[in-house]
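Both backbone and side-chain heavy atoms feed into the values below; hydrogens, waters and symmetry mates do not. Chain A is the first sequence line, chain B the second, and so forth, proteins listed ahead of strands; every chain is numbered from 1.
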Number of protein chains: 2
Amino acid sequence: MFDQFRDRFPLDDQHWNNYINCFERIEVPAKTILLNEGEISKKLFIIEKGCIRVWFNNNGKDVTFQFFFENQSVASLESFVKKFPSPVVVETIEPSVLWWIHKKDMDRILAEVIEIAQLRDQFINVLFQRTFDYMKHFFSFIKDSPTQRYLNLMEEKPQIVQRVPQHYIASYLGVSTVHLSRIKSKLVHKK
Amino acid sequence: MFDQFRDRFPLDDQHWNNYINCFERIEVPAKTILLNEGEISKKLFIIEKGCIRVWFNNNGKDVTFQFFFENQSVASLESFVKKFPSPVVVETIEPSVLWWIHKKDMDRILAEVIEIAQLRDQFINVLFQRTFDYMKHFFSFIKDSPTQRYLNLMEEKPQIVQRVPQHYIASYLGVSTVHLSRIKSKLVHKK
DNA sequence: GGCAGACGATAACATTTGTTATCAAATGCA
DNA sequence: TGCATTTGATAACAAATGTTATCGTCTGCC
């Protein structure tokens, strides 16, 4: 699982093994809630197999706003970093195989690792990249129609369209399930 | 202008003065374009007086997506950091007094300053905070009606409502100017 | 002072999107 | 296998929002 990341980290084997031993492997069924609204996040997850959605309750309707797949790490970032009650629920969509690490271990690793200039730069790059991704996603809400957002999604993240139930995608795109059906139907009709 | 920031930086006066001497003061009229779409951003601005909007052209309509006021720093972040052609235009709304610094100076300062643990943590915090702000703004597009977004804006950033022409606010909220007028009119009527 | 352009309100109409209800197909599970 | 649940399509209607056009006011500027 971790081998694929090994060469990005200029650490000796002892440190490296020490770090990856902090992770624990679990297997969970679909619809497992990994973090509930209002909880304070203590775990960071990495997905070996499966997928996860992050959503929140908006006046009784659930609104999905992120999807994660294999090899991605997942947490309610704001809650994990700042110890705020999580505004979101983290939940598996498919039966999944996950690795998790406790926040106190993660903090310790980060504190050590950030002294290494190269890793620090990687870390800062990741933070920038995350902001850019949000900006981009946000842009598309301002400028694109729901139909265009759906087309973008198929183009840019086909995994989501293929693996995720459609009603989750609808709320991710900011439309009702009925309307997403209409959008798909119109697209097929035009061909 | 820079005194207000002085105590946050554990630097000796020589370094500090050296850094702030990299900034240059300019006065510009309203509707001055500081960075155009497609340009690569070389300057970071700090606003002493005035306000700035960041917008982009979407099929002939301009869409505003950020406002900045006194004491805030402004750049097309993605362009400034990654040297990409800017997707956005940076433009003054009011006649403004600005301080700017060239990217090559900023990079040098950052490289020096990031070795200081305390400043590095501040820097990382700013990056996190920026991401959280985007998430929050984005959330409100998914979950709130345009009316609610307008109410939030009045509550959270009254400066914008007070100082910025309404048609810019409309595109910032993701509605047409006509609809924003309707929203305001309904709110007044209900009182 | 007067003029051009920017700004904002409003009306009428068009289009998009949401809501509710119903049905069919697929899926999971006992 | 068979039943309950989930998922998705569609229709009919309601509500929200966009578009175009018109008008009045304000503002900066010569």
Notebook entry, point to check: For Tyr19(A) and Glu112(A), does a side-chain donor sit closer than 3.5 Å to a side-chain acceptor?
Noted result: yes

Margin query: Without decimals, in angstroms, what is the distance between Leu180(B) CG and dA9(C) C1'?
Written below: 11 Å

Next item on the list: Can you tell me the distance, in whole Å, between the NE2 atom of His179(B) and the P atom of dG8(C)?
Entry: 17 Å

Checklist line | First-last contacting nucleotides on DNA chain D - partner chain A, under 4.0 angstrom, heavy atom | finding: dT7(D) to dA12(D)

Next item on the list: Please list all pairs passing the salt bridge (charged side-chain N to carboxylate O under 4.0 Å, His left out) test where one or both residues lie in residues 64-73 of chain B, with sequence neighbours left out.
Entry: Lys49(B)-Glu70(B), Glu70(B)-Arg163(B)

Item checked: Under the salt bridge (charged side-chain N to carboxylate O under 4.0 Å, His left out) test, residues paired with Glu155(A) that sit two or more places apart -> none

Show every donor-acceptor pair shorter than 3.5 Å between a side-chain atom in residues 97-109 of chain A and any protein atom, with sequence neighbours excluded, or say none if there are none.
from      : atom 1 : to        : atom 2 : distance (Å)
Trp99(A)  : NE1    : Glu48(A)  : OE1    : 2.8
His102(A) : ND1    : Lys104(A) : N      : 3.1
Lys103(A) : NZ     : Phe80(A)  : O      : 2.9
Lys103(A) : NZ     : Asp107(A) : OD1    : 3.3
Lys103(A) : NZ     : Asp107(A) : OD2    : 3.2

Checklist line | Residue list, salt bridge (charged side-chain N to carboxylate O under 4.0 Å, His left out) with Glu24(A), at least two apart or on another chain | finding: none

Checklist line | salt bridge (charged side-chain N to carboxylate O under 4.0 Å, His left out) involving Glu78(B) - partner list, sequence neighbours excluded | finding: none

Check: For DNA chain D, what residues of residues 146-175 of chain A have any heavy atom nearer than 4.0 Å?
Finding: Pro165(A), Gln166(A), His167(A)

May I have the list of side-chain donor-acceptor pairs in residues 26-46 of chain A shorter than 3.5 Å, sequence neighbours left out?
from     : atom 1 : to       : atom 2 : distance (Å)
Glu27(A) : OE2    : Arg25(A) : NH1    : 3.0
Thr32(A) : OG1    : Pro29(A) : O      : 2.6
Glu39(A) : OE2    : Asn36(A) : N      : 3.1

Item checked: side chain to side chain contact (heavy atoms under 4.5 Å, CB included) partners for His167(B), two or more places apart -> Pro165(B), Thr177(B)

Note to self: Using C1' atoms of five pairs at each end, report the bend of the helix from dG1(C)-dC30(D) to dA30(C)-dT1(D) rounded to 10 degrees.
What the structure shows: 50°

Checklist line | For Asp133(A), all residues meeting salt bridge (charged side-chain N to carboxylate O under 4.0 Å, His left out), sequence neighbours excluded | finding: none

Next item on the list: Specify the separation, in whole Å, of atom CZ of Arg182(A) and atom P of dG18(C).
Entry: 8 Å

Item checked: Residue-phosphate contact under 4.0 Å: Lys31(A) side-chain N/O, dG28(C) OP1/OP2 -> no

Check: Any chance the side chains of Thr64(B) and Arg53(B) put a donor and an acceptor closer than 3.5 Å?
Finding: yes

Check: Please, which pairs that meet ring pair (Phe, Tyr, Trp, His ring centres under 6.0 Å) have at least one residue in residues 110-132 of chain B, sequence neighbours excluded?
Finding: Phe128(B)-Phe132(B)

Margin query: Just N and O in the side chain of Thr177(B): are any of them under 4.0 Å from OP1 or OP2 of dC7(C)?
Written below: no

